[in-house]
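The next block holds one structure in the form of structure tokens; read it before the comments.
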Amino acid sequence: METLREILAPDFLLRNSLYTSLLVGLACPLVGVFLVLRRLAFLGVALPQISSTGVALALSLHVWFGPSHSHDHGTNQTVAFIGAFTFSLLAVIALAFLERRRDGRTDGRLGAAYVVATAVSILLLAKCPQAEQSWLTLFKGEIIAVTTGELWQTFVLLALMLTVLGWHRRTFLLVSFDPDLATILKVPVNRWNLILFLLIGLTVGVSVLVVGPLITFGFMLVPPLIAHRFADNMQQLTIWSAIIGVLAAFAGFYAAYVWDLPVGPASVGLLGLAYMVAFIATARPFQRAITPAN
Amino acid sequence: MSQDWTIRLRGVAVGYRERTVLSDLDFTLLQGSFTALLGANGSGKSTLLKTILGLLPALQGAVEFRHIASPVIGYVPQQEQLDANYPLSALDVVLMATHARLSTGLAVPVAERALAMECLQATGVGELADRRFAKLSGGQKQRVLIARALAARPDILVLDEPTSGVDASATGAILEMLGDIHRERHLTILLVTHDFGIVRRHATRVAWLRHGQLTEGVPAELMSPEHVARMLELT
């Protein structure tokens, strides 16, 4: 109880990390709902990895382009953000384009993109141990040193994304569920798909930069997958995904603080546990066992 | 019945970028008619339907609409086309057809919700409004999809094999219901079907696709035993 009071105190030393975790825990599941519904879960795995390659490129720029690299944290952060965001957007546009052309297998494309992105990240950082350490910290999900500027940047961009997603929720659902009906109703399906993918790219870019790829794809996929086990309608799916995301972010942070663990793996580990429980509780044989006979 | 046409194709070619499925096609959908589109699997029925619906661009020529530049089309797809992964209630599915009339971001107005319920009741599935669409039977799903098409307040109703994957008793009930809708609402209906019984009972026009040729006429002529035997190559 004392620890909980300490964490919730306004002058808590790691409050920026906590608030960032909660923001990502809220926003990522809400875009992840569309990945789960559209059966693009693997995109939620590949995209953060590709985005982190953008961070790796940004962090290693001075190795490839000489000593013009800045040692100022703010400048480096901006370059890393541009790297993460650009790579997310380029990847999401390329993958959406190939999806539209129905060229090759989606799972194969995403699998290849994931491993190539990881390999390229390692190669980019091979000659730069300091940047490699920063990237590995990000990769492991160690959210400790989040500045107030980074927190505000994350808040503004995720709030913007959530506003657009919420305002146009019906259109995104229509083009996802029944693109033929959307076309007949004169809704420009390709344009709305692109906007949805850009929102996903923005969320991934912003989240990867502050919490790393592990937490980003953990929070994008697992909360909607848990909520999908028991939700009867879209409202329940959306609200429960967000609630599960925020609760896991808080519980993960609490556990990490108490037992001195990395925050990201603690949160994602908790989500994994919750998914297992939800899976067992909603599995058919178990439901039959607890349903009374008529 | 008025002999005005509502949709007309003259010398139209339909197909996909790499492949022309039907060419030099003439077709007229008469206003207020119940037209059955017949043809064997692979004859190009679905491609023609997609072109009429605007889902595929015509490779040559154009689909013309009379009276209304851009009529509202109520479309009933085959229920298997819709992914069961989405946790949508029957009412949610019907409300999708009202999308064009809704204000972005705001809640669905009470009047549109009432219209959606009315359409569900008209197709006999009002009590299933809150049930999950994916968990309904094939026949119930088709009724919900017909309700959705009606909720669009359509000028033309287009149905793509609405009884595909539906058991025999539900098939009969759905097709009878379509006949009633046609009579009561005076809607122009274009129905892709393999069910000759419904064509004989309810259709006022028949369009038959065979070997890339489209034959149009009235059921008395095209559904005569001799003509059917000829089209099915039984003679």
Side-chain angles (χ1 to χ4, degrees), chain A residues 32-41 100-103 106 162-192 195 221 224-241 278 282 284 287, chain B residues 16-17 46 49-57 69-79 81-108 112 129-135 145 148-149 151-154 156-158 160:
Chain A
V33 160
F34 283 94
L35 292 179
V36 169
L37 290 178
R38 294 175 75 133
R39 300 178 191 271
L40 288 172
R100 193 182 149 200
R101 283 174 56 99
R102 297 182 191 282
D103 215 350
T106 306
L162 288 178
T163 306
V164 178
L165 192 72
W167 195 249
H168 295 286
R169 64 194 180 281
R170 275 196 295 264
T171 309
F172 290 130
L173 183 61
L174 175 64
V175 298
S176 301
F177 177 65
D178 194 347
D180 283 356
L181 177 68
T183 305
I184 291 163
L185 294 174
K186 311 275 186 288
V187 175
V189 173
N190 291 333
R191 189 195 304 164
W192 283 104
I195 294 171
L221 296 184
L225 285 172
I226 296 171
H228 194 264
R229 300 288 305 177
F230 58 82
D232 277 328
N233 54 50
M234 277 301 296
Q235 208 172 6
Q236 283 180 16
L237 177 63
T238 310
I239 291 170
W240 276 109
S241 295
T282 54
R284 279 193 194 134
Q287 278 197 321
Chain B
Y16 303 87
R17 237 179 323 188
S46 294
L49 206 66
K50 282 181 181 171
T51 309
I52 290 172
L53 290 167
L55 300 174
L56 276 178
S70 185
V72 178
I73 297 179
Y75 172 52
V76 182
Q78 293 178 27
Q79 33 124 353
Q81 285 178 21
L82 300 173
D83 194 340
N85 201 31
Y86 289 72
L88 294 165
S89 69
L91 183 64
D92 291 335
V93 171
V94 175
L95 281 170
M96 282 186 175
T98 67
H99 184 272
R101 302 192 295 270
L102 302 181
S103 306
T104 305
L106 303 179
V108 177
E112 293 294 352
D130 294 325
R131 290 267 298 276
R132 191 161 164 177
F133 178 74
K135 291 184 177 168
L145 292 176
R148 183 177 77 165
R153 294 199 189 120
I156 303 162
L157 198 58
V158 176
D160 186 7

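Throughout, protein chains are lettered first and strands after them, A, B, ... in sequence-line order, and every chain is numbered starting at 1. Everything numeric here is computed off the predicted structure, so don't read it as measured data.
Contact annotation: the side chain of Val93(B) never approaches that of Tyr86(B) to less than 4.5 Å [non-hydrogen atoms, C-beta and beyond]. Leu37(A) is not listed as a side-chain neighbour of Phe177(A), based on a closest heavy-atom distance of 4.5 Å or more.
Ranked by heavy-atom pairs under 4.5 Å with chain A, the list Leu88(B), Asp83(B), Val108(B) is led by Asp83(B). The greatest number of non-hydrogen atom pairs below 4.5 Å with chain B, out of His168(A), Arg39(A), Gln235(A), is found for Arg39(A). Taking Asp180(A), Leu185(A), Val189(A) one by one and counting their heavy-atom pairs under 4.5 Å with chain B, the maximum is reached by Asp180(A).
Both the backbone and the side chain of Asn85(B) come within contact range of chain A, judged by heavy atoms closer than 4.5 Å. Looking at Arg170(A), both its backbone and its side chain come within 4.5 Å of chain B, counting heavy atoms on both sides. In this structure, the portion of Leu237(A) lying under 4.5 Å from any heavy atom of chain B is its side chain and not its backbone. Residue Leu95(B): no heavy atom, backbone or side chain, is found under 4.5 Å from chain A.
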Next item on the list: Before giving the answer on side chain to side chain contact (heavy atoms under 4.5 Å, CB included), spell out for Leu49(B) and Val158(B) the whole-Å C-alpha distance, their side-chain angles and the decisive distance to 0.1 Å.
Entry: CA-CA 8 Å; Leu49(B) 206 66; Val158(B) 176; 3.5 Å; yes
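The CZ atom of Arg148(B) lies 7.5 Å from the CZ atom of Phe133(B); values are rounded to the nearest 0.5 Å.
Scanning for side-chain contact (heavy atoms from CB on, under 4.5 Å) contacts around Ala151(B) gives Val94(B), Ala97(B), Thr98(B), Cys119(B), with sequence neighbours left out. By the side-chain contact (heavy atoms from CB on, under 4.5 Å) test, Asp130(B) pairs with no residue at all, sequence neighbours left out.
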